[in-house]
Colleague: 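Take a look at this one; I'll ask things after.
This structure is a prediction, so every number in the text was calculated from the model and none was measured. Convention: sequence-line order gives letters A, B, ...; per-chain numbering from 1.
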2 protein chains.
Amino acid sequence: MESKNAIEALGALAQETRLAVFRLLVKAGAAGMTAGTIARTLEVAPSTLSSHLSILERAGLLQSWRVQRQIFYAADYDGVRDLLAFLTEDCCQGRPEICAPLAGSVAAPNRPTEKTGASR
Amino acid sequence: MESKNAIEALGALAQETRLAVFRLLVKAGAAGMTAGTIARTLEVAPSTLSSHLSILERAGLLQSWRVQRQIFYAADYDGVRDLLAFLTEDCCQGRPEICAPLAGSVAAPNRPTEKTGASR
DNA sequence: TCCATATTTCGACAATTATCGAAATAAAGG
DNA sequence: CCTTTATTTCGATAATTGTCGAAATATGGA
């Protein structure tokens with residue numbers, strides 16, 4: 001994944017409503033949900049939701065398909081996986097022990113000993 | 001990690017200059033780099049960089065400390081780890097097989113395929 | 001103290017984003 | 001063909017973000 005795609009995916013998730021949509025669709029699983037149901041569940045105007053859905057889809061995080069009059073959306077796990085891979089590769093840079101996050105708290109070695117909180 | 005923090009971290013990385021800063025600092029490792037060096041390396045105005053650095057730091061992705069006249073910045077691996085954990089937990093929702101392939105890039109050790117208790 | 005260096009804060013501006021109603025498009029069924 | 005339902009596109013507006021110069025703050029040295 002190039003960083004341009006990563007930025008698109010990160011930005012897609014970095015917004016309250018869109019993150020809520022994504023989490024909802026992950027819960028919904030492969031069956032997905034229709035645009036209308038999502039809009040009612042999250043209480044956002046259909047046109048607003050539509051814009052968010054297209055941003056998420058363009059970022060590769062959702063898939064959609066039409067069934068009769070309704071359009072279903074579901075989380076696209078490939079997209080998420082790509083994003084996670086980008087972040088871990090970026091983060092780990094040949095030091096897998098640092099980020100191997102999924103195993104749950106691995107003690108972090110080597111951090112600067114003094115924090116100043118120097119800005120602000 | 002609550003979703004508010006996650007949104008802050010995602011948003012912090014979802015910007016070209018800031019992602020570049022972060023990647024640069026990951027490469028630099030625990031030694032970190034001074035604000036001035038980062039600014040010269042990435043060719044951004046010091047005041048612009050300063051704003052980006054504070055956004056990244058507020059999001060928990062950087063740490064900073066002063067050494068004499070200069071302020072060093074380094075990637076904060078805890079922050080990244082928290083973000084990754086948030087994303088994977090969100091994404092996997094009881095279906096670890098979906099996102100687990102991430103393990104490939106991180107050399108993650110034996111995760112149980114089923115959690116029996118403790119997960120919040 | 002005064003000067004030079006390193007960085008941040010402030011203030012302004014342009015660009016982008018989020019929101020939502022109204023109108024347009026798409027599909028199904030009389 | 002007309003109506004109803006589901007969704008998107010368009011257009012306007014308010015809010016947020018990214019940028020950078022100028023001024024302010026912090027540090028160290030002569």
Colleague: If only side-chain N and O atoms of His52(A) are considered, is one of them under 4.0 Å from the OP1 or OP2 phosphate oxygen of dT19(C)?
Modeller: yes
Colleague: NA contact type, Thr34(B), heavy-atom cut-off 4.0 Å: base, sugar-phosphate, or nothing?
Modeller: sugar-phosphate
Colleague: Measure CD/Glu57(B) against C1'/dT9(C) and give the value in whole Å, please.
Modeller: 15 Å
Colleague: For dA15(C) and Gln15(B) - does any side-chain N or O of the residue sit under 4.0 Å from the phosphate oxygens OP1/OP2?
Modeller: no
Colleague: Would one find a side-chain N or O of Tyr73(B) under 4.0 angstrom from OP1 or OP2 of dA6(C)?
Modeller: no
Colleague: Regarding Thr37(A) and Thr34(A), is there a side-chain donor-to-acceptor distance under 3.5 Å anywhere?
Modeller: yes
Colleague: Return whichever of Gln70(B) or Val67(A) has its heavy-atom-nearest nucleotide of DNA chain C closer to the 5' end.
Modeller: Gln70(B)
Colleague: How about Asn5(A) and Phe86(A): do any of their side-chain heavy atoms sit closer than 4.5 Å?
Modeller: no
Colleague: Nearest of dA6(D), dA26(C), dT19(D) to any side-chain atom of Thr17(B)?
Modeller: dT19(D)
Colleague: Separation of Ile71(A) atom CD1 from dT5(D) atom P, in whole Å?
Modeller: 18 Å
Colleague: Measure from CD on Glu16(A) to C1' on dT16(D) and round the result to the nearest Å.
Modeller: 14 Å
Colleague: For dA18(C), take OP1 and OP2 only and decide whether either is under 4.0 Å from a side-chain N or O of Arg18(A).
Modeller: yes
Colleague: dG21(D), dA26(D), dT8(D): which one has an atom nearest the side-chain heavy atoms of Ser50(A)?
Modeller: dT8(D)
Colleague: Leu53(A) CG to dT19(C) C1': how many Å, rounded?
Modeller: 15 Å
Colleague: Is there a donor and acceptor pair, one atom on the side chain of Arg69(A) and one on the base of dT4(D), closer than 3.5 Å?
Modeller: yes
Colleague: If you round to the nearest 0.5 Å, how far is CG of Leu13(B) from CG of Leu87(A)?
Modeller: 6.5 Å
Colleague: Which value, rounded to the nearest 0.5 Å, describes the distance between Leu84(A) atom CG and Glu89(A) atom CD?
Modeller: 10.5 Å
Colleague: Do Thr48(B) side-chain and dG18(D) base share a donor-acceptor contact under 3.5 Å?
Modeller: no
Colleague: Rounding to a whole Å, what distance do you find between Ile55(A):CD1 and dT16(C):C1'?
Modeller: 11 Å
Colleague: Using atom CZ of Phe72(B) as one end and atom C1' of dA6(C) as the other, report the distance to the nearest whole Å.
Modeller: 11 Å
Colleague: Find the distance Ile38(A):CD1 to dT7(D):P and express it as a whole number of Å.
Modeller: 9 Å
Colleague: Are the side chains of Arg23(A) and Ser3(B) in touch, meaning some heavy atoms are under 4.5 Å apart?
Modeller: yes
Colleague: Atom CD of Gln68(B) to atom C1' of dA6(C): distance rounded to whole Å?
Modeller: 12 Å
